[in-house]
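We name chains A, B, ... by the order of the sequence lines, and we start the count at 1 in each one. Here the structure is a predicted model, which is why all the values come from computation and not from measurement.
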Protein chains: 2
Amino acid sequence: MTSAADVPVIVGAAPSRSIPDATVARLSIYLRAIEELEACDVISSQALAAASGVSSAKLRKDLSYLGSFGTRGVGYDIDALRERIGAVLGVDDHRGVVIVGVGNLGHAIAGYSGLAARGFQLTGLFDVDHVGEIVGGVTVRPLDELRAHPERYAGAIGIIATPAHAAADALDLLVEVGISAVLNFATAVLDPPPGIDVRKVDLASELQILSFRERHRAVPAAIDGGEVIS
Amino acid sequence: MTSAADVPVIVGAAPSRSIPDATVARLSIYLRAIEELEACDVISSQALAAASGVSSAKLRKDLSYLGSFGTRGVGYDIDALRERIGAVLGVDDHRGVVIVGVGNLGHAIAGYSGLAARGFQLTGLFDVDHVGEIVGGVTVRPLDELRAHPERYAGAIGIIATPAHAAADALDLLVEVGISAVLNFATAVLDPPPGIDVRKVDLASELQILSFRERHRAVPAAIDGGEVIS
DNA sequence: CAGTGTGAAAACTTTCACAGCA
DNA sequence: TGCTGTGAAAGTTTTCACACTG
């Protein structure tokens, strides 16, 4: 998860300095919350924070990294806010998305309407099976097709939704094509080459975190000792 | 540093409290890495760290929260390690898992073999449609069925895989049944009542984080040196 | 030696609280 | 008056470096 600490700003439209990772992760949530609340012109940090499920102090701090454009005593202008967050996140880039592995999960992702809604465009579906099938408006093609047309997919974000044993090859393929940002749903630890950013989403881990926290939460005094970690 | 952790770590099978969240999130990864490397009896922090995609220092620190059972100059006993991590994560509890919403995503999760492999047991599938269909060995039932049999599902972990507009109701239903740990895949901010732990997995957010980081990556190779070679 | 276990430092996040402005 | 913007404090996580031990 290496992230440059203070990267000299390059993007012209974005005066932002280094925005903390944790903040970036929440901007997307704010953006969605804004879209759902679009009944007013301005909104206070309190209201937006409530709609986003965070504290108002955190929200203000987050927004302060994008520059200050709220109005003291009033709140944030909804339009300005949406535009600013969208610009920082690059929503208007219409980033391409390429999915390798079109099993159950790949299907679910390909058919997810939120992709387009958040400024992403499904540009490729690849699998060894299911070739020819159309999902989310895109036709499933064999893996070789990806390798054969790097120019079409370079710059996209790659999603690995293959079985674990195929994940490493999928990553190699994506990298070969020039993709350098990858989301890995496969149950496998990948070893990305330098310069390649891989994020992992792991259902089992999420469940285990929940399970652990539940067992260690709530210290009811009235229970016998049986529940203590076995 | 440690707050309440000045408790002299008592020997024995102490349940070792206050394991950092970040550590818990990684234990599951270590466990899987161990299972894949099971060709030897002992393993060094270096080797396991490499297989898990973390630094060896981090791994040692993580394991130190579980008590110390490595052998200096040698490494960790694989069996002891697996057992200890499994115990802390409660893998042997065979926690039930209930999924609300059996669309594409629900299907994918229900069919995911990693559930059982990590000690979870799919115990219920609920949807307004697809009733009667069998996925992952479990029959899809109407939502009312869940409400009607709280005793069957209390204590399970709930997974919300419904469309956004149905997510809040799904949460209410799960809570009503006595479930207090929920994983939310729906694109909706939920407002859980006190005592209910909700984690969110959001595809669009993950993609936007990747997208942002790629655009703001300016000095790629500078800081990246992962594994120390020396 | 080789490799664990761990204090202490550094880095990162969140929370607090309040100055300052519309 | 009400709410933003932000330093500073508090809390959490990661990294470092080295004493210690089989």
Residues at least two apart in sequence or cross-chain that pass side-chain hydrogen bond (donor to acceptor under 3.5 Å, both in side chains) with B:S205, listed by chain then number, are A:S28, B:D202
Of all residues at least two apart in sequence or in a different chain, which pass the salt bridge (Lys or Arg N to Asp or Glu O under 4.0 Å) check with A:D93? B:R215
Please report, rounded to the nearest Å, how far the C1' atom of D:dT14 is from the OH atom of B:Y65. 9 Å
Rounded to the Å, how far apart are A:D62 CG and C:dT15 P? 11 Å
How large an angle, rounded to 10°, do the end axes of the helix from C:dC1-D:dG22 to C:dA22-D:dT1 enclose when each is built from five base pairs? 10°
Quick note, side-chain hydrogen bond (donor to acceptor under 3.5 Å, both in side chains) partners involving residues 155-178 of chain A, not counting sequence neighbours, are A:R147-A:E176
Whole angstroms only, please: what is the CG-P distance between A:D21 and D:dT13? 15 Å
For A:S56, which contact category applies under a 4.0 Å heavy-atom criterion: base, sugar-phosphate, or nothing? nothing
For A:V42, give me all partners under side-chain contact (heavy atoms from CB on, under 4.5 Å), at least two apart in sequence or on another chain. A:V74
In whole angstrom, what separates B:R84's CZ from C:dG5's P? 12 Å
Just to verify, what does A:R82 make a salt bridge (Lys or Arg N to Asp or Glu O under 4.0 Å) with, not counting sequence neighbours? A:E38, A:D79
For B:Y76 and B:S45, the nearest pair of non-hydrogen atoms, with its separation, is CE1-CB, 4.0 Å
With a cut-off of 3.5 Å and sequence neighbours excluded, list every side-chain donor-acceptor pair involving residues 46-57 of chain A.
{"residue": "A:S52", "atom": "OG", "partner": "A:L48", "partner atom": "O", "Å": "2.7"}
{"residue": "A:S55", "atom": "OG", "partner": "A:K58", "partner atom": "N", "Å": "3.2"}

Going by salt bridge (Lys or Arg N to Asp or Glu O under 4.0 Å), name the residues that satisfy it together with B:D197, two or more places apart in sequence or in a different chain. A:R213
B:R118/B:E35 salt bridge by N-O under 4.0 Å criterion: yes
Sequence neighbours excluded and cut-off under 3.5 Å, please list the side-chain donor-acceptor pairs for residues 178-187 of chain A, or say none.
{"residue": "A:S180", "atom": "OG", "partner": "B:E214", "partner atom": "OE2", "Å": "2.2"}
{"residue": "A:N184", "atom": "OD1", "partner": "A:A186", "partner atom": "N", "Å": "2.8"}
{"residue": "A:N184", "atom": "ND2", "partner": "A:A186", "partner atom": "O", "Å": "3.4"}
{"residue": "A:N184", "atom": "ND2", "partner": "A:A188", "partner atom": "O", "Å": "3.1"}
{"residue": "A:T187", "atom": "OG1", "partner": "B:Y112", "partner atom": "OH", "Å": "2.8"}

Interface residues of residues 22-32 of chain A with DNA chain C (non-hydrogen, below 4.0 angstrom): A:A22, A:R26
Sequence neighbours excluded, the answer for salt bridge (Lys or Arg N to Asp or Glu O under 4.0 Å) partners of B:E83 is none
Over how many whole Å does the gap from B:L59 atom CG to C:dG5 atom C1' extend? 12 Å
Protein heavy-atom contacts under 4.0 Å, written 5' to 3' over nucleotides 3-11 of chain D as B (base), S (sugar-phosphate only) or - (none), form the string BBBBBB---
For B:D77 and C:dT4, give me the distance from atom CG to atom P, rounded to whole Å. 13 Å
